[in-house]
Asks: 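Below: one structure in structure tokens.
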Amino acid sequence: SEHPWPPQASRIEEIRGLDCIAPATWSADFDHIEPVAEAQRDFRAELVQLSPGRFRYGMGLVDFGPLRAQSNAVDGAYLGRAWVPKAAWALFFPTGGPQEASRLNGMLPGSMDAVLFGPQAELQAWVADGQRWTMAVFDDDPFREIFERLPAARDGRAVQLPGLLARAPG
């Protein structure tokens, strides 16, 4: 079931004297690749389906304003090309499906790895059938100070972060 895109802007609510961003949520299931590319318009995505016939792409999005988290589940393989927006950073990590089967800019991230793309970085993906991904998109201003310490990402390229998820608490 598709819901209107883009999601409604987050509203500001007063909680215990602090301004807080109420998240906007959106989800959709696609059975053709063209609407998936349109939903990724901020990234100027171009997608080509590789699997004959069947294709399903489930997408869920939570928008907190300066941070957006998007989960993707794919049935059917595809090639993708996109560009990170000028004022954003994108962190991709696998969340299920075939192990070390999909490539991001030639990198083959493992189940505990992530790949960080800097502002305006080109993203090239070969996504395997059954792959599950999560992408976190961070606005540049509040997060630049953290991410620009990684020269490749700062220079508009991608950098693999081996074992990043293994170091997460919990």
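Numbers for residues simply follow the sequence, beginning at 1.
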Asks: For residues 130-140, which residue pairs pass the salt bridge (charged side-chain N to carboxylate O under 4.0 Å, His left out) check, not counting sequence neighbours?
Replies: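 Those involving residues 130-140 are Arg68-Asp139, Asp75-Arg132, Asp140-Arg144.
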Asks: Taking all non-hydrogen atoms of both residues into account, name the closest pair between Gly80 and Leu47 and its distance.
Replies: CA-CD2, 3.6 Å
Asks: Please examine the side chains of Phe43 and Met135, heavy atoms only from C-beta on, and report whether any two atoms are closer than 4.5 Å.
Replies: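 Answer yes - side chains close enough.
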Asks: Please, which pairs that meet salt bridge (charged side-chain N to carboxylate O under 4.0 Å, His left out) have at least one residue in residues 83-95, sequence neighbours excluded?
Replies: none
Asks: Can any side-chain N or O of Ser51 pair as donor or acceptor with the backbone N or O of Ala77 at less than 3.5 Å?
Replies: yes
Asks: For the CZ atom of Phe93 and the OG1 atom of Thr134, what is their distance to the nearest 0.5 Å?
Replies: 4.5 Å
Asks: Roughly how far, to the nearest 0.5 Å, is CD of Gln70 from CG of Asp63?
Replies: 11.0 Å
Asks: For Tyr78, give me all partners under side-chain hydrogen bond (donor to acceptor under 3.5 Å, both in side chains), at least two apart in sequence or on another chain.
Replies: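 Checked Tyr78 against side-chain hydrogen bond (donor to acceptor under 3.5 Å, both in side chains); zero matches.
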Asks: Which residue pairs satisfy the ring pair (Phe, Tyr, Trp, His ring centres under 6.0 Å) criterion with at least one member in residues 127-153, sequence neighbours excluded?
Replies: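 Residue pairs with at least one partner in residues 127-153: Trp89-Phe147, Phe138-Phe143, Phe138-Phe147.
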Asks: Answer yes if Leu164 and Leu116 sit in the same cluster of Ile, Leu, Val, Met, Phe, Trp and Tyr residues linked by side chain heavy atoms under 4.5 Å apart, and no otherwise.
Replies: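 Linked, Leu164 and Leu116 end up in one cluster.
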Asks: Which heavy atom of Ala90 sits nearest a heavy atom of Val84, and at what distance?
Replies: CB-CG2, 4.1 Å
Asks: Which residues satisfy the side-chain hydrogen bond (donor to acceptor under 3.5 Å, both in side chains) test with Asp129, sequence neighbours excluded?
Replies: Arg54
Asks: Which residue pairs satisfy the ring pair (Phe, Tyr, Trp, His ring centres under 6.0 Å) criterion with at least one member in residues 100-130, sequence neighbours excluded?
Replies: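 Passing the test, one end in residues 100-130: Phe92-Phe117.
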Asks: With a cut-off of 3.5 Å and sequence neighbours excluded, list every side-chain donor-acceptor pair involving residues 101-114.
Replies:
residue, atom, partner, partner atom, Å
Ser102, OG, Ala128, N, 2.8
Ser102, OG, Gln131, OE1, 2.8
Arg103, NH1, Gly106, O, 3.2
Asn105, OD1, Gln124, N, 2.6
Asn105, ND2, Glu122, O, 2.9
Asp113, OD1, Gly163, N, 2.7
Asp113, OD2, Gly110, N, 2.8
Asp113, OD2, Gln160, NE2, 3.1

Asks: Tell me whether Leu79 shares a hydrophobic cluster with Met59, the cluster being built from Ile, Leu, Val, Met, Phe, Trp, Tyr side chains joined at under 4.5 Å.
Replies: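 Hydrophobic grouping puts Leu79 apart from Met59.
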Asks: I want to check something: taking the side chain as every heavy atom from C-beta on, are Leu91 and Leu161 in contact at a cut-off of under 4.5 Å?
Replies: yes
Asks: Considering the options Asn72, Asp29, Asp31, which one meets the side-chain hydrogen bond (donor to acceptor under 3.5 Å, both in side chains) requirement together with Tyr57?
Replies: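 The side-chain hydrogen bond (donor to acceptor under 3.5 Å, both in side chains) with Tyr57 is passed solely by Asn72 among Asn72, Asp29, Asp31.
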Asks: Mind checking whether Val127 and Phe30 sit in one hydrophobic cluster, side chains of I, L, V, M, F, W, Y counted as touching below 4.5 Å?
Replies: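 Yes: a chain of side-chain contacts under 4.5 Å links Val127 to Phe30.
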